[in-house]
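Written below as structure tokens is the structure these notes are about.
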Number of protein chains: 2
Amino acid sequence: MNEDQIQALNSIARTRLIEAGQVIMSDQEPATFFANIISGTVKLIKNTPDGRQQIVGLLFAPDFLGRAFSRNNPYFAEAATDVEICMFPNAAFERLVESNPDLQHRLFERTLDELDAARDWMLLLGRKTAEEKVASFLLLIARRQLLSGCTHDGLGQADGSFALPLTRADMADYLGLTIETVSRQITRLKLSGIVAMNSNRVMAVPDMARLAAAAGQTAAAQG
Amino acid sequence: MNEDQIQALNSIARTRLIEAGQVIMSDQEPATFFANIISGTVKLIKNTPDGRQQIVGLLFAPDFLGRAFSRNNPYFAEAATDVEICMFPNAAFERLVESNPDLQHRLFERTLDELDAARDWMLLLGRKTAEEKVASFLLLIARRQLLSGCTHDGLGQADGSFALPLTRADMADYLGLTIETVSRQITRLKLSGIVAMNSNRVMAVPDMARLAAAAGQTAAAQG
DNA sequence: CGACATGTTGAACCTCATCAACCGACGTGG
DNA sequence: CCACGTCGGTTGATGAGGTTCAACATGTCG
């Protein structure tokens, strides 16, 4: 984004801190704002009427949260970790986007990326085994945390280890598994030496290629 | 779309007929065109290195097919039925979109809809039972075929029955199941009277609410 | 310390995948 | 014309991968 755009955005922005576990947007009420994630991890959640739950997306900094043109939002957004977001009132943001084709273009590309990510995940949910699912998730986080700078949470970094932003329960909801299965598969990956865990939430990956193989991908390929 | 837009589109368009089973776009080669589906059903497919397959999207008329701004296309597009499409060379189409914010806006909204659909399907893949999956698919098709006009294929219509655009194998790949499981679940739905089948590919739904219930949705709700 | 949340491990069960046989429709060629 | 292969679909028997239920461990906070 150029200077003008950033200026314009800042002039209507308001930052906010949200604790882990808090609901940011409900699927019941229409969204009133658009936001940019500064730090932390946000879960997008869908529920069945009888209470089953599926995480349909994870958002990290600097992802966007919210619906561009205010139809109502079909999922819950919940903070997985403590989250810092930068909020824009919906109406003001939309005006800005309307008058700024470049910004709209950026939003469009971000949305296409999200669509790709969602479809990758459909392959995982529909066709991968429990071990591949868990390995895929750990690989996703490992790449994210190690490549895109530090973790911002004071854990890991130096020795190449990093923090998992989700609890076992959240992982299960993201992978279409149960808590127990996630736990067992992590144990298996530890035993086989593919990952090492300093604690329940801090992990290290000695050999990314092995993890990628366990995730059912040929070394180089996709996310 | 307004008259000018349609004019502009038509001037660069070329229609084409594609037989069921033919590949329209490969994930290997970069996409060279953008297209509009006139009739028929297109599958978007993802594969694992070892040959497992997942359908990550279905496209019907009048959906768009292709990537707006020519990054390479990460999936296969294959004709599920005979398909009629209207093709635009990528470069020309992009120029048109660039100069036409309204059209871009439309594309954006379509993409958001696809994202919602993908995430709905993630819930299905991750958390629904085989019976719910099959019922959900049949419900999706039933609503689509019965609401949005006729079926264009000469089957069904009059008596409220309609054709299934997918084989059992395709349904399995769409639902994250095996052919056998799909077949058995359809049999179960027939036995319980929730659906009736005139032949393997032609179906009728006496009571949509019952089908919706079998799909694990409360009567009114989502797709 | 006790209460509660998060995570691990074990045993039993069940859903769905796998393997296999079979059916009907269709097209081809002897 | 009918044998033959193929393709899409159905049905059955069996078994494995994951769920479920339950107990236990660990960590944190009052």
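Chain letters run A, B, ... following the sequence lines, proteins first, then strands; residues in each count from 1. This is a predicted model, so every value here is computed, not measured.
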Set of residues satisfying side chain to side chain donor-acceptor pair (under 3.5 Å) with respect to A:T181, sequence neighbours excluded
A:T178
Between B:R67 (side chain only) and B:P30 (backbone N and O only), is there a donor and an acceptor less than 3.5 Å apart?
no
So which heavy atom on B:I55 is nearest to which on B:D170, and how close?
CD1-O, 3.4 Å
State, to 0.1 Å, how close A:N200 and A:L164 come at their nearest heavy-atom pair, and which atoms those are.
O-CD1, 4.2 Å
What is the distance from CE of A:M197 to C1' of C:dT8, rounded to the nearest Å?
12 Å
With under 30° as parallel and over 60° as perpendicular, where do the rings of B:F137 and B:Y174 fit, or are they tilted in between?
perpendicular
Nearest heavy-atom neighbours spanning A:A31 and A:M25:
CB-CE, 4.0 Å
Would you check if there is a donor-acceptor pair between the side chains of B:Y75 and A:D116 at a distance under 3.5 Å?
yes
Taking atom C1' of C:dG7 as reference, at what distance in whole Å does atom CG of A:L164 sit?
13 Å
Those residues that, when tested against A:T129, pass side chain to side chain donor-acceptor pair (under 3.5 Å) (two or more places apart):
A:E132
What is the bend of the helix from C:dC1-D:dG30 to C:dG30-D:dC1 when you compare the axis at one end with the axis at the other, using five pairs each and rounding to 10°?
20°
Under 4.0 Å, heavy atom to any atom of DNA chain C: which of residues 187-195 of chain A qualify?
A:T187
Spacing of A:I179 atom CD1 relative to C:dT9 atom P, expressed in whole Å:
15 Å
Atom pairs, N/O to N/O, protein against nucleotides 25-27 of chain C, distance under 3.5 Å?
none

Base-contact (B) and sugar-phosphate-only (S) positions in nucleotides 16-30 of chain D, heavy-atom cut-off under 4.0 Å, - elsewhere
--SBBB---------
Heavy-atom pair with the smallest gap, counting every atom of A:D82 and A:A20
OD1-N, 2.8 Å
